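Just so you know, these numbers come straight off a predicted model, no measurement behind them.
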Amino acid sequence: MKKKICIISTIIILAVFALGGFIIYRNRFSLSINGNAISKEEFLDAAGRKRYEVSSYFSKEGSNVDSDFWEREVNGEIPYEKLAEAAIEDLKYFHAVYGLAEEKGYVDNGSYDAFLGRWEKENALRKEKIEQGGIVYGLSEYTLELYQEYEMDTIQKSYCGDLENEGMEVTDAEREQYYTENETFYQRSDDRILDYIKIPYLELGLNEEQIKELKKSMTSVYKQLGEGRPLSELAGEEEQVSAYLSHADVTAENLRACSRSIEDVLEYAWELEAGESTGVLDEGGSLYLIECTDRSGNDPASIEEVKDNINKALREERYEAIVRKRAENAIVEGDMERIFYFMKKHIEE
């Protein structure tokens, strides 16, 4: 009897040890990219960056973001597993960028810990400068994600600025091909001549009766536009609205400046052809009546005018392709079942 009890006890102890070993195994996080060990913190930071993207993906598939969201299977996919996979893809890209940057000498150390150190140092320097009354350009303090964007952008500029680097030399033929393929992008906006009435009644503090009278006057002007008389002439005869009449010569060269000063007017007038007008519009606390008195097209910007822009676009495309290829070819080592289990446990952190 004692022997039987001893055997049962041994079996129980072995079972406990086996269960404990299995739990330890499941909880042990192990992941490396190109031989570089990825810490739990680095993995969770990457998962945090991809969290919104993954939740949006499943939301579009009809899954509600509730308490069971991350563990609920949708069309054969489990959100927490997809998040873990997305985090790994993000890490592959990160290490492709920083591996290249370290090779080129843009950073002394391409590891994640070194990246965190630079982030902390940058924020400390900015804080110290502010405390001493100095001027800090940009943000007073970087979040981790914004600092990564800033540093990756700096690395890209450094790579693209060195014509000795792979893919950075652009030939005339390559420029010509890019220009031909994207010619519509370099089409300059039409020149427009606009006459318009804009009355910001909300800003002026006008009452309902005053607004009603102004609308009536503007409607009278609008009805006469079809008789061949221009807005500039008709509005000048209407005492109530004549003071609000304005004129704008909008050309491809000054479009940006006009977009800042009369953005709303351009929005409502953009589709008008020469001789066309809007009706009386009541939008955003203002009344509008706009006439396009002339509109003429422009030729696309010449290849010489946009040469630098084309060079920049091609170099950035090629840099991105180089990084993406490195990321695709990255060697990832790790037990995905354990990584999924780790992700599931830490999904709410």
Side-chain angles (χ1 to χ4, degrees), residues 137-138 175-176 178-313:
Y137 296 98
R175 247 188 316 274
E176 183 71 38
Y178 186 90
Y179 178 83
T180 302
E181 292 172 352
N182 298 276
E183 190 171 4
T184 55
F185 180 77
Y186 299 110
Q187 178 63 53
R188 290 182 290 196
S189 297
D190 292 350
D191 293 341
R192 296 169 172 82
I193 298 177
L194 305 175
D195 287 316
Y196 63 94
I197 298 169
K198 175 183 176 182
I199 306 176
Y201 63 79
L202 197 61
E203 181 183 324
L204 295 171
L206 303 183
N207 59 42
E208 289 186 14
E209 188 60 35
Q210 290 172 313
I211 297 168
K212 184 178 178 181
E213 286 300 313
L214 288 168
K215 279 186 179 181
K216 182 179 178 181
S217 183
M218 290 173 70
T219 301
S220 174
V221 170
Y222 171 67
K223 287 179 178 179
Q224 295 177 72
L225 284 175
E227 300 173 4
R229 297 176 66 194
L231 177 63
S232 57
E233 182 181 320
L234 292 167
E237 296 173 359
E238 284 284 341
E239 186 177 345
Q240 282 191 304
V241 300
S242 60
Y244 300 103
L245 178 65
S246 298
H247 176 86
D249 289 323
V250 184
T251 65
E253 287 71 24
N254 70 7
L255 178 60
R256 183 173 295 181
C258 289
S259 296
R260 290 194 295 267
S261 59
I262 55 168
E263 179 183 7
D264 50 350
V265 173
L266 283 179
E267 179 183 350
Y268 304 133
W270 197 253
E271 300 300 328
L272 295 179
E273 297 295 338
E276 293 183 341
S277 69
T278 66
V280 177
L281 306 176
D282 186 348
E283 300 287 346
S286 295
L287 298 175
Y288 300 88
L289 177 56
I290 309 165
E291 181 181 47
C292 178
T293 63
D294 192 23
R295 177 171 177 167
S296 56
N298 287 302
D299 293 330
S302 70
I303 192 169
E304 281 304 313
E305 290 178 270
V306 295
K307 179 179 178 179
D308 290 342
N309 290 338
I310 293 175
N311 289 344
K312 181 175 183 291

(request) Kindly give the heavy-atom pair with the smallest separation between R188 and P300, and that separation in Å. (result) NH2-O, 4.0 Å

(message) Any non-hydrogen side-chain atom of L272 less than 4.5 Å from a side-chain atom of R295?
(response) no

Please tabulate, one pair per line, all N/O donor-acceptor pairs under 3.5 Å involving side-chain atoms of residues 282-289, not counting sequence neighbours.
unit_1	atom_1	unit_2	atom_2	d
D282	OD1	Y201	OH	2.7
D282	OD2	K215	NZ	2.9
Y288	OH	D264	OD2	2.6

(request) Give a yes or no on whether E273 atom CD has more than 12 heavy-atom contacts from other residues, nucleotides or ligands under 6.0 Å away. (result) yes

(request) Please report the closest heavy-atom contact between D195 and S232, naming both atoms and the distance. (result) OD2-CB, 3.9 Å

(message) Determine whether a donor-acceptor pair (N or O, by modelled atom type, separation under 3.5 Å) exists between the side chain of Q187 and the backbone of E183.
(response) no

(message) Please give me the minimum heavy-atom distance between D190 and G297, naming the atom from each residue.
(response) OD1-CA, 3.3 Å

(message) Once rounded to the nearest 0.5 Å, what's the spacing between atom CD of E203 and atom CG of L206?
(response) 10.0 Å

(request) Compare every heavy atom of G279 with every heavy atom of Y222, then report the nearest pair and how far apart it is. (result) CE1-CA, 3.8 Å

(request) Using modelled atom types only, decide if a donor and an acceptor are shared between the side chain of E291 and the backbone of L231 within a distance under 3.5 Å. (result) yes

(request) Kindly compute the distance separating CG (L202) from CD1 (I211), expressed to the nearest 0.5 Å. (result) 7.5 Å

(request) Supply the atom-to-atom distance R192 CZ to I290 CD1, rounded to the nearest 0.5 angstrom. (result) 11.5 Å

(message) Looking at every heavy atom in both L255 and S189, which two are closest together, and how far apart are they?
(response) CD2-OG, 3.3 Å

(request) Could you tell me whether a side-chain N or O of E233 sits under 3.5 Å from a main-chain N or O of P230, the two making a donor and an acceptor? (result) no

(message) Given 3.5 Å as the limit, does a donor-acceptor pair link the side chain of D191 with the main chain of A252, or not?
(response) yes

(request) To the nearest 0.5 Å, tell me how far E176 CD sits from E181 CD. (result) 10.5 Å

(request) Find the distance between CG (L194) and CH2 (W270) and round it off to the nearest 0.5 Å. (result) 9.5 Å

(message) Would you compute the distance between atom CG of D249 and atom OG1 of T251 and round it to the nearest 0.5 angstrom?
(response) 8.0 Å

(request) Compare all side-chain heavy atoms of I310 with those of N182 and state whether any distance is below 4.5 angstrom. (result) no

(request) Indicate yes or no for a side-chain donor-acceptor contact from N309 to the backbone of V306 under 3.5 Å, with no hydrogens or angles considered. (result) no

(message) Test your reading of the model: is there a side-chain donor-acceptor pair from R175 to the backbone of N311, 3.5 Å cut-off?
(response) no

(message) When you measure from the side chain of S217 to the backbone of E213, do you find a donor-acceptor pair of N or O atoms at a distance under 3.5 Å?
(response) no

(message) If you compare all heavy atoms of Y179 against all heavy atoms of A301, which two are closest, and at what distance to 0.1 Å?
(response) OH-O, 2.6 Å

(message) If you define the side chain from C-beta out and look only at heavy atoms, does anything of Q210 sit under 4.5 Å from L204?
(response) no

